[in-house]
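Please read the structure below before turning to the comments.
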Amino acid sequence: FMRQKIDEDMMDEIEEILITSDIGMDTTEKIMNELREYIKDNMITLPKNIKKGLTDIIIRLIDKGDRNKLSDKTPLVIMMIGINGGGKTTTIAKLGHKLKEEGKTVMFAAADTFRAAAGEQLAIWGDRIGVNTVMHQEGADPSAVIFDAIQSAKAKGIDVLICDTAGRLQTKKNLMTELEKMNKVVSREYPEADRETLLVLDATNGKNAISQAKEFNEVAELTGVVITKLDGTAKGGIAITIADEFDMPIKYLGVGEGMEDLEEFNAEEFAGGIFNE
Amino acid sequence: MAFESLSDKLQGTFKVLKNKGVLTEKDVDEAMRQVKLALLEADVNFKVVKEFVADVKEKCLGEEVMKSLTPAQQVIKIVNGELTDLMGGEGAKLEYDPAGFTVIMMAGLQGTGKTTTCGKLANFLKESGKKPMLCACDVYRPAAIDQLEVVGKAVNTPVYTDRKSKDPVKIAKAAKKEAELKGFNVLIVDTAGRLQIDEELMAELENIKDKVKPYQILLVVDALTGQDAVNAAKGFNERLAIDGIIMTKMDGDARGGAALSARKVTGKPILFMGTGEKYDALEAFHPDRMASRILGM
Ligand SMILES: Nc1nc2c(ncn2[C@@H]2O[C@H](COP(=O)(O)OP(=O)(O)OP(=O)(O)O)[C@@H](O)[C@H]2O)c(=O)[nH]1
Ligand SMILES: Nc1nc2c(ncn2[C@@H]2O[C@H](COP(=O)(O)OP(=O)(O)OP(=O)(O)O)[C@@H](O)[C@H]2O)c(=O)[nH]1
Ligand SMILES: [K+]
Ligand SMILES: [Mg+2]
Ligand SMILES: [Mg+2]
């Protein structure tokens, strides 16, 4: 935006910024078309006046109003799902910490019974922030963990139950079916609870995230996404494509490995972040 | 399979070319535009794509190709050659310290698969007749040591731990000493995930490198990574001079372009790919075979 005039070179440069922040090819094209119209309609001639238009276009794609916020009804059951290593367990710790600070009672369900020491990882977080974790042995049926956790949460009158699940690639059919089963247990055992099903998306991920959103949404009716690892050099632009293509709200941003490193989503800031160095 | 969509798109482009017979410069231009889009769709880094396409195009417009009787075949051959080069040419293998005791250090961004891959490597080494030991140097992530212990047990490999220490350098040094003393010949050092821009944690890895002298520093790259892969790979390589790359999570529908970019910007070979969560899900990476598979040859 420091150029002298708006020309094709500048447009190419903007396109490059969009592509290298992992915004999908179709969304990039859509943004570029809207930008050309914006420039024409507003008779913009100075490069420095482009940025606002561009950010506004992106904000329109990702701003879902109130849907960008987590439900504040209780009891609430949150399922944290996503591919391997994206940051589910850590996000649960951060979110649990945040909800506790807000005065809610929180419980964790360690329904990742597959990955080595996944339950221990969650339980250590639980201890650190003062939240109980319902845990079974490694290899146990994850749905059974959820079942037990629900009974315990009900008995103790817990406000928010957050369920950790094993990482799974969206192409693994049996693992996706397992997720469906866990969801059924929640619906059946806890119909009065409000629900959030959050897809944890790693900001470093490229276009594969589109298929993650599609496939997980099909088996689990997502209510939103959390984008993690934004403290690194990745921009997480693929989330813009996902918010647009699936009308999916982004709820939180992960910006570090500590329990405080969770931010509420702000469309303006996120859109602006794409163009920051 | 990983690289599938790239494969479909490239093969589609070449089919169009093959049906043409004689090729004009315009045909080549259009084909290269398609190749560029296919590579970008596959998460290959923007700059890497630009360079790749420019190289291929220059070669394609050479006289031998345009005047040849089967120009389309020539173009495909060129793309195949360049793609093989991009993936690492001849390919490379894990190397062992000729002195007899090899230290392998894992490094990478958070959650890429380092700890799991430690187990896979131990398994691979045992099958190759080596005696590996694991070493738990992630003192930050909750239950990271427990995780490596579970992994070690699953692959029947002892794990050196020191739960009282918060100093990975000290732990790695002690582990090396113990491993040598007990007659092991490979030590695999698991390290905490970190950002390449994290000054303090990158200095920690440099320190381990300095004190423990790993013969192989392996960068673990997640195949699902997008454009950022080059930043991370460059960052790790500049600080540590890595020896090779392991590309994980290739069992899904990863586009895989990121790993190619990581190879390109570091010049270091992709040694293995991870194809699952189990400890036998590790395969040697063959650039030529992968290129041919992508192009359906
Ligand atoms: N830099 C950074 N690291 C993060 C963030 N969120 C999580 N991590 C790290 O990413 C790694 C993986 O996080 P986990 O929470 O274990 O991820 P997961 O999705 O539960 O992983 P699996 O259960 O194995 O599928 C850990 O090293 C975390 O500390 C973040 O916002 N920023
Ligand atoms: N599908 C699949 N999952 C994998 C592969 N390699 C590792 N994983 C999974 O990815 C997740 C993260 O693996 P870890 O080994 O904990 O990753 P890490 O790099 O040690 O993570 P940090 O120590 O937190 O940085 C786990 O759920 C693993 O089971 C692979 O090749 N395929
Ligand atoms: K960032
Ligand atoms: Mg987890
Ligand atoms: Mg690890």
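In what follows, chains carry the letters A, B, and so on, assigned in the order in which the sequence lines appear, proteins first and then strands, with residues in each chain numbered from 1.
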[X] atom [atom1], neighbour heavy-atom count above 12 within 6.0 Å:
X	atom1	value
B:D167	CG	yes
B:K9	NZ	yes
A:K98	NZ	yes

Minimum heavy-atom separation for B:D146 to A:E120, with atom names?
->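 Heavy-atom minimum between the residues: OD2-CB, 4.1 Å.
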
Which heavy atom of A:A116 sits nearest a heavy atom of B:V151, and at what distance?
->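 Looks like CB-CG2, 4.2 Å.
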
Go through A:T90 and B:R141 one step at a time and tell me if the side chain to side chain contact (heavy atoms under 4.5 Å, CB included) criterion holds.
-> CA-CA 9 Å; A:T90 312; B:R141 169 172 162 167; over 6 Å; no

Distance in Å, A:N205 CG paired with B:K249 NZ, rounded so as to fall on 0.5 Å steps =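 Separation between the atoms: 7.5 Å.
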
What's the spacing between B:E41 CD and A:D26 CG if we round to 0.5 Å?
->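 Output value for this atom pair is 6.5 Å.
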
If you count heavy-atom pairs under 4.5 Å between each of [options] and chain A, which one has the most?
options	answer
B:D222, B:L148, B:V150	B:V150
B:L37, B:L224, B:L40	B:L224
B:A232, B:A42, B:P142, B:A229	B:P142

Between B:K47 and A:T20, is any pair of side-chain heavy atoms under 4.5 Å apart?
->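 Side chain of B:K47 against side chain of A:T20, heavy atoms only: no contact under 4.5 Å found.
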
Any side-chain heavy atom of A:E16 within less than 4.5 Å of one from B:K50?
->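 Side chain of A:E16 against side chain of B:K50, heavy atoms only: contact under 4.5 Å found.
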
Members of residues 105-120 of chain B whose heavy atoms come closer than 4.5 Å to chain A |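 Interface residues of residues 105-120 of chain B: B:L109, B:Q110, B:G111.
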
By number, which residues in residues 191-204 of chain B have some heavy atom less than 4.5 Å away from chain A?
->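 Within residues 191-204 of chain B, the residues under 4.5 Å from chain A are B:G193, B:L195, B:Q196, B:I197.
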
Is a side-chain N or O of B:D228 found less than 3.5 angstrom from the main chain of A:K235, in a donor-acceptor match?
->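 Not at all, since once roles are kept as given, no pair shorter than 3.5 Å links the two residues.
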
Could you look at A:Q121 and say if it's the side chain, the backbone, both or neither that has a heavy atom under 4.5 Å from chain B?
->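 Both backbone and side chain of A:Q121 come within 4.5 Å of chain B.
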
Under 4.5 Å heavy-atom distance to chain B, tell me which part of A:I83 shows up: side chain, backbone, both or neither.
->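 Side chain only.
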
Check the side chains of A:S211 and B:D253 for a donor-acceptor pair under 3.5 angstrom, ignoring hydrogens and angles.
->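 There is such a pair between these side chains.
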
Using non-hydrogen atoms only, which part of B:E277 is less than 4.5 Å away from chain A: side chain, backbone, both, or neither?
->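 Only the side chain of B:E277 comes within 4.5 Å of chain A.
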
